Amino acid sequence: MESLYKKNFLKMLDFSGEEIQYLVDLSEKLKAEKKKGIPHDVLRGKNIALIFEKTSTRTRCSFEVAAHDLGMSTTYLAGGSQIGKKESIKDTARVLGRMFDGIEYRGYGQEIVEDLAKYSGVPVWNGLTNESHPTQMIADMLTIEEHFGHLKGLKFVYMGDARYNMANSLMITCAKLGLDFTACSNKKYFPSEELVEKANEFAEESGGSVTLTESVEEACTDADIIYTDVWVSMGEPEEAWKERIHDLLPYQVNANAFSYAKENAVFMHCLPAFHDLGTEVGREINKKYGLSELEVTNQIFESSRSIVFDEAENRMHSIKAIMYATLVP
Ligand code: CP
Ligand code: NVA
């Protein structure tokens, strides 16, 4: 395998199964070192920029803590910068590339993060775009491997909105690593044919498989992992909720879905999750639609099957591995 030094981390399509596995293994090693109190501040003196055009808890905190553990300083850029208002991404990239050793970007179109990488000349890490969420993939695979001891051959079921960043990235990652990936949704929300075609090619090579179905019973039978994400993503219009609730409520992760799954099946979610609607946005939805939980029931979210907080912790260890691999010669 070629070194990942100086490479960008923009989407899962850019990496081989071997490279993805390498990042999972490196995350595991750095996690073990941190737990033992072994320092790994090998990037002392380096500086990174964190651009967030959308909100974040896990991704931002992971980049900041991981950078600190590696010895680097961070500069957070959100509202208040010139980006996208007075200054283009191309110009921003050329400015930040002169000052920083690496740049994280969370925002809208995939082409923005691709341009940032093209013009900055330093490693760029995609902290989430509409099309993909690649850093989340390393954390998710690490979490699954920790739990089951392996990845190949596991039945991974994604329920809900399967045409956005999370499902796109999970389908490609599972296909490259030899998991059996099933997207279960109303077919309006299936991933694009073009991406499914690519995923099928990867699965053929890895020994995995890709299935799309509208049947919860078919999808969840013998599942090892049932995964979901919010039904309306950041940047999508508020008005989308009505139609999404109507179309996706049959694909809620609940006791019925798990009744078909293996006895030791687990629940995963990238978070944040609408599992009890006790938040500000949740209360609004509850008032409008009379529901008390959306993509996952509170019962499943709070059950012993749920490994969502291991998954959240692993965001930090895996983002550290991604920065380490691309910045350490
Ligand atoms: N999963 C995830 O990306 O979380 P944040 O939006 O809090 O960063
Ligand atoms: N699909 C979600 C993922 C959040 C981590 C979003 O884009 O808002």
Side-chain angles (χ1 to χ4, degrees), residues 9-12 27 48 50-67 74 76-78 104-110 112-113 125-144 158-173 183 185 189-192 195 225 227-241 244-245 247-248 251-253 267-275 279-282 284-285 294-296 301 306-323:
F9 193 75
L10 304 179
K11 57 185 180 300
M12 299 317 288
S27 311
I48 63 167
L50 307 176
I51 305 173
F52 280 86
E53 300 201 289
K54 289 177 179 170
T55 52
S56 169
T57 297
R58 277 145 293 273
T59 310
R60 177 183 176 182
C61 295
S62 295
F63 269 100
E64 296 215 15
V65 172
T74 57
Y76 179 70
L77 291 155
E104 179 276 352
Y105 174 84
R106 166 172 287 200
Y108 297 88
Q110 181 70 20
I112 302 173
V113 77
W125 311 293
N126 178 356
L128 180 145
T129 55
N130 296 343
E131 292 82 358
S132 69
H133 195 7
T135 64
Q136 178 81 46
M137 296 306 107
I138 308 302
D140 289 351
M141 294 303 127
L142 171 64
T143 311
I144 295 170
Y158 180 91
M159 306 259 289
D161 178 8
R163 38 109 251 162
Y164 219 67
N165 44 25
M166 281 305 305
N168 287 348
S169 300
L170 285 165
M171 178 171 70
I172 296 300
T173 306
S185 190
Y189 302 87
F190 280 174
S192 75
L195 201 63
I225 299 126
Y227 198 116
T228 192
D229 180 20
V230 290
W231 291 339
V232 176
S233 287
M234 290 182 277
E236 293 198 290
E238 276 294 299
E239 303 79 68
W241 275 111
R244 296 287 164 81
I245 288 173
D247 294 342
L248 296 176
Y251 301 98
Q252 181 186 63
V253 178
F267 169 69
M268 295 180 72
H269 191 310
C270 53
L271 304 183
F274 286 119
H275 61 94
T279 59
E280 192 185 316
V281 178
E284 281 293 306
I285 295 169
L294 295 178
E295 72 272 12
V296 57
F301 186 92
S306 175
I307 55 171
V308 296
F309 296 108
D310 292 337
E311 189 183 357
E313 176 190 335
N314 283 340
R315 294 299 309 288
M316 196 285 283
H317 305 297
S318 51
I319 280 174
K320 189 186 287 176
I322 292 161
M323 291 197 287

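Keep in mind that this is a model prediction, so the values were computed, not measured. Counting begins at 1 with the first residue of the sequence. Just so you know, ligand 1 is whichever comes first in the structure, and atom 1 is the first atom listed for that ligand.
- Within the 4.5 Å cutoff, no side-chain heavy atoms of His133 are placed close to those of Tyr164.
- Residues Ala167 and Tyr158 approach most closely at CB-CE2, 3.7 Å, considering heavy atoms.
- Side chains of Asp247 and Tyr189: a donor-acceptor N/O pair is present below 3.5 angstrom, by distance only.
- Residues Glu311 and Gln136 have side chains in contact (heavy-atom distance under 4.5 Å, counting atoms from C-beta outward).
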Any protein N or O within less than 3.5 Å of an N or O in ligand 2? List each pair with its distance, or say none.
| residue | atom | partner | partner atom | Å |
| --- | --- | --- | --- | --- |
| ligand 2 | 1 (N) | Asn165 | OD1 | 2.9 |
| ligand 2 | 1 (N) | Asp229 | OD2 | 2.6 |
| ligand 2 | 1 (N) | Ser233 | OG | 2.7 |
| ligand 2 | 7 (O) | Asn165 | ND2 | 2.8 |
| ligand 2 | 8 (O) | Met234 | N | 2.8 |

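- For the side-chain contact (heavy atoms from CB on, under 4.5 Å) test with Arg58, the passing option among Ile319, Asn314, Thr135, Leu271 is Leu271; the others fail.
- A heavy-atom cutoff of 4.0 Å around ligand 1 is satisfied by the protein residues Ser56, Thr57, Arg58, Thr59, Arg106, His133, Gln136, Cys270, Leu271, Arg315.
- When all heavy atoms of Thr59 and Arg315 are compared, the closest pair comes out as OG1-NH2, 3.1 Å.
- Between Phe301 and His275, the angle of the ring planes stays under 30°, which puts this pair in the parallel group of the 30/60° scheme.
- Side-chain atoms of Asn126 and Ser132 include a donor-acceptor pair closer than 3.5 Å.
- Here the side chains of Gln110 and Asn168 are not in contact, with every heavy-atom distance at 4.5 Å or above.
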